[in-house]
Amino acid sequence: MDIPAKYDPSLTEDKWYSYWLEHKIFHSEPDEREPYSIVIPPPNVTGVLHMGHMMNNTIQDVLIRRARMLGKNACWVPGTDHASIATEAKVVARLKEKGIEKSSLTREQFLEEAWKWKEEHGGIILKQLRKLGASCDWDRTRFTMEPALSKAVINTFVYFYNKGLIYRGVRMVNWDPVGKTAVSDEEVIHKDTKSKLYYLRYFISEGGKATDKYIVIATTRPETIMADAAVCINPNDERYHWLRGKKILIPLINKEIPIIEDDYVTMDFGTGCLKVTPAHDINDYEIGLRHKLPVLDIIDDDGCLNEKAQILVGQERFQARKNIVKMLEDAGNLEKTEDYNSPVGHSERTDAVIEPKLSLQWFLKMEDLAAKALKSVEDGKVRLIPDRFTNTYRHWMETVRDWCISRQLWWGQQIPAYYTPDGDCFVAATKEEAFAQAAAKNPDLKIEDLRQDEDVLDTWFSSWLWPISVFDPEKPGFPDRQPNRELAYYFPTNDLITAPDILFFWVARMIMAADEFEGKEPFSNVYLTGIVRDKLGRKMSKTLGNSPDPLVLIKQYGADAVRVGMLLCSSAGNDIFFDESQVEQGRNFCNKIWNAFRLIQGWEVDPSATPSQAEAKAVEWFESLLNKSIATIDDHFSKFRISDATMTIYKLFWDEFCAWYLEAVKPAFGEKISKTVFDKSVQFFDSLLKLLHPFMPFITEELWQNLSPRKDGETIMRQMMPKAGDVNEKAIADFEIARGCIINIRNIRQSKQISPKQAVELFVKKPIAETGALVSKLANVSRIEETESFDTNQTGVNFMVGTTEFFVPVQVDVEAEKAKIEAEIKRYEGFLTGVRKKLSNERFVSSAPKAVVDLERKKESDALEKLKALDELLQRLK
RNA sequence: GGGAGCUUAGCUCAGUUGGUUUAGAGCAUCUGCCUUACAAGCAGAGGGUCAUAGGUUCGACUCCUAUAGCUCCCACCA
């Protein structure tokens, strides 16, 4: 059979993915096996696949495929998130392209457009995941705004409202003037921004008229002075005691405001005087509350000044700032300006500068929920990987403020609060239920009189239910209701793989919701991936558009190559600097596997031949090495060291299986292989394919299908992962000796010297007899003779290549060699005293885990053995 | 301003409660090879005072202290 020398992914990937779908290999439903479930972090419904998704979903797929092959009932639930603000912004932008303003549409018309957009673009990302080989159970695909899940959200709202945890209140919120919505504290990104500190003169008033006395106040926001309600000084600041009881005039508009005193003001910052603008600064708002100051809001929802400002009406806030500085300067109120760096809040979604704004919003009380969610992590019921995130997590949970859950958008679940014309508010899952409540209070009311709250809920208010609602959408909001079969079986899920930047947005809140409704943690392990960055160190993201198109990469190198490339360079929590050479490495690896297969399948079998001594030795060795590696891989997985697991199998296949095992058993040109060795080789290759499969699903399926005859519907995905068997350490050690000999002979052939120590260890001390056959085969040497004794003149190794006899002299500087060995002996003796000291410590022996103590004991005996060997060597040299 | 983390070969990173590593891997580099599985390959080689300075120890990449640089998170100083 002719197989091309290069692996071509385009011939295998679509074929096998269709095959898996056709045979419903991804399908999952509860049965008697042990469940293993993962819910996908739902990507934005209108998003496209970027490198972060690749990373994330590759890891999930590795875990789920592995679990499946370990015999578990593996269930990976896919889906998308409606991402209210991001999606709404996209829809608004698209309408704008068509010349339609959002404000000209009704809510219903807008939503129709949005759904249309969702139908067109939604789910593209899920299709892209198939190219990657993601083995999601597509039958379970969910969308956070599908009717059932929306209902879960509404029920949850009603539940928390009835529990008294949801309230409506006027609060200073983070207002996004571009998105025209409030955003939560977590959605505000503080960036250091260059701005100016303006020093303004406020004149003292006497009967409403300006005197010539003034004070200087520093501000970064001169456009808000019209909303000033007071000027505040520190009560201990003697410089300003003369101001007590005086009134002051706001520049330009000459409005009289009082002087107040509050500890909040820092005496040594700025001028020690603070203008208090309750409507436009969160701290000022709090000072205002303390001193009962009036609140004057001069900035509208779109960030423009309104008529209450009296001047600059209608101007955009930054334009107004520019203009008012000029006006203040002309009026003689501007003393000086200084450059100033200050953190300015920006909206995560629109990047607009956040405007602190007073508004009526819905909040969820967080204190108790956060305390419980913190406990879950601190008690280890939810393990964060890497665990250093626990600190960050704790800090956030301890300082969390109430969650502003309302958004002034249309795309999302509309808040189920209904108002009567009198302003009474009733919260219920449906309008009818709300009406029933309202009618009980006011019998004259008609259902048409009820008006539903215009706002929708924060997206995270739906995604925090995700691990529950994907299985049983009826459940959220009803802690006492029996879970359905799916939820009872697959919940709690096992592992969650996500990026650290949504640890608080999402992970923490899922823990809260699960605790509230299920009384359990929603998952046991949270693997936090690194953030994929470009070469400039920038985060790869959809908004920046600096991500290479993963689909192009897949097309160019193959999905398996891309997966391996990502996995090799990723360790939990560390940022990943993406480089295409890693993908190239993955592709080369595919080719290596492909060619190993070509070799094996090209062998001709001789059923009557018996394995040579060299072959037998190689088989014995590789069997043990394989078992040992399986144990190593299992260990790496148990610690979520995915890249180490990948590297282990990579090296096992390439460096050991291909470079040594296959070379050792490969028949000479024109010769046949014994059946025993052939069968063993096929068996090894089969095991290796299974071990590789979670990482490289396509090529392994292709080769596995061709390795032996398979029935239709059979798949490597359903095979059992090889288990770690017995390890014959001696076989491994023997092979190492042979390997050392071979490498040295190769070196000698390149007329290079080997070191005396190597000569001593490899040719003299060790028993060549056992591995001689291997050495002569792999080094193509017919005879090796060792030299027993050392003297400074005649020491070396005899060996034959073909008919030529070589004698390689090994110059031994006995004194230097002795000194080296003695130094080593000294080191071991020190080591031994240390270990013995430890072992004689009662407390250590009784308190440390048994395995640790055993390890110390082993160290002791090993060191003793080594010392004995060194001593022997030393004697020999003498 | 507070907190967390990082600093090991040209690059990306391991280094598992201090000892069998006088420092490891992959990639990249250099040298020699188109040897009938694979040049997307094979055989070799070079390359690090483990950020810096002290300390603890028989022994420190590993623990402690200080310093420098970087990253992230949190934060209301106008």
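Both backbone and side-chain heavy atoms feed into the values below; hydrogens, waters and symmetry mates do not. Chain letters run A, B, ... following the sequence lines, proteins first, then strands; residues in each count from 1.
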| note | Protein heavy-atom contacts under 4.0 Å, written 5' to 3' over nucleotides 24-33 of chain B as B (base), S (sugar-phosphate only) or - (none), form the string -SSS------
| query | What distance, rounded to whole Å, do you find between the two P atoms, one in B:C73 and one in B:A28? | reply | 33 Å
| Looking only at side-chain N and O atoms, does A:Arg388 come under 4.0 Å of OP1 or OP2 in B:U71? | no
| note | Taking B:A40, B:C38, B:U16 as options, the one with an atom nearest any side-chain atom of A:Arg587 is B:A40
| field | A:Phe657 ring center within less than 6.0 Å of A:Tyr661 ring center | value | yes
| field | Atom pair distance, as rounded to whole Å: OH in A:Tyr393 and C1' in B:C73 | value | 15 Å
| said: Could you tell me if A:Thr224 and A:Lys275 have a donor-acceptor pair between their side chains, going purely by distance under 3.5 Å? | reply: yes
| field | A:Tyr7: partners by ring-ring contact (aromatic ring centres under 6.0 Å, His included), with sequence neighbours left out | value | A:Trp594
| task | List for me each residue that meets ring-ring contact (aromatic ring centres under 6.0 Å, His included) alongside A:Tyr240, sequence neighbours excluded, and say none if there are none. | result | none
| query | Is the distance from OP1 or OP2 of B:C42 to the nearest side-chain N or O of A:Lys592 less than 4.0 Å? | reply | yes
List, with names and distances, any nitrogen or oxygen atoms from the protein found under 3.5 Å away from nitrogen or oxygen atoms belonging to nucleotides 75-78 of chain B.
residue: B:C76; atom: O4'; partner: A:Asn283; partner atom: ND2; Å: 3.2
residue: B:C76; atom: O2'; partner: A:Asn283; partner atom: ND2; Å: 3.2
residue: B:C76; atom: N1; partner: A:Asn283; partner atom: OD1; Å: 3.0
residue: B:C76; atom: O2; partner: A:Tyr264; partner atom: OH; Å: 3.1
residue: B:C76; atom: O2; partner: A:Asn283; partner atom: OD1; Å: 3.3
residue: B:C77; atom: O2; partner: A:Thr266; partner atom: OG1; Å: 2.3
residue: B:A78; atom: OP1; partner: A:Tyr340; partner atom: OH; Å: 3.4
residue: B:A78; atom: OP2; partner: A:Tyr340; partner atom: OH; Å: 2.0
residue: B:A78; atom: O2'; partner: A:Ala218; partner atom: O; Å: 3.0
residue: B:A78; atom: N6; partner: A:Thr266; partner atom: O; Å: 2.7
residue: B:A78; atom: N6; partner: A:Phe269; partner atom: O; Å: 2.7
residue: B:A78; atom: N1; partner: A:Thr266; partner atom: N; Å: 3.3

| message | Looking at every non-hydrogen atom in both residues, tell me the closest pair between A:Leu528 and A:Pro386 and how far apart they are. | response | O-CD, 4.2 Å
| request: Look only at the side chain of A:Asp644 and the backbone of A:His636, and say whether a donor-acceptor pair between them is shorter than 3.5 Å. | output: no
| message | To the closest 0.5 Å, what do you measure between CE (A:Met55) and CG (A:Leu567)? | response | 5.5 Å
| message | Per the salt bridge (charged side-chain N to carboxylate O under 4.0 Å, His left out) rule, what does the pair list look like for residues 659-672 of chain A, sequence neighbours excluded? | response | A:Glu663-A:Lys666
| request: For A:Cys590, answer base if it contacts any base atom (sugar-phosphate contacts may also be present), sugar-phosphate if it contacts only those atoms, and nothing otherwise; contact means non-hydrogen atoms under 4.0 Å. | output: nothing
| task | Quickly work out the A:Met566 CE to B:C13 P distance and round it to whole Å. | result | 13 Å
| field | Side-chain (A:Arg317) to main-chain (A:Glu223) donor-acceptor, under 3.5 angstrom | value | no
| remark: Out of B:A37, B:G15, B:C73, minimum distance to the side chain of A:Phe504 belongs to B:C73
| task | Kindly point out which of B:C73, B:A37, B:A40 is positioned nearest to the side chain of A:Arg598? | result | B:A37
| note | Closest of B:C38, B:G19, B:A37 to the A:Leu662 side chain is B:A37
| Under 30°, 30 to 60°, or over 60°: which ring-plane class applies to A:Phe589 and A:Trp654, parallel, tilted or perpendicular? | parallel
| message | Dot-bracket, 5' to 3', for RNA chain B please: Watson-Crick or G-U pairs under 3.5 Å, [ ] where pairs cross earlier ones, | where the partner sits on another strand, dots elsewhere. | response | (((((((..((((.....[....)))).(((((.......))))).....(((((..]....))))))))))))....
| query | Going by atom types alone, do A:Asn588 and A:Glu584 pair a side-chain donor with an acceptor below 3.5 Å? | reply | no
| Length of the line joining A:Asn391:CG and B:C6:P, which is rounded to integer Å | 11 Å
| Contact class for A:Glu398 (heavy atom, under 4.0 Å): base, sugar-phosphate, or nothing? | nothing
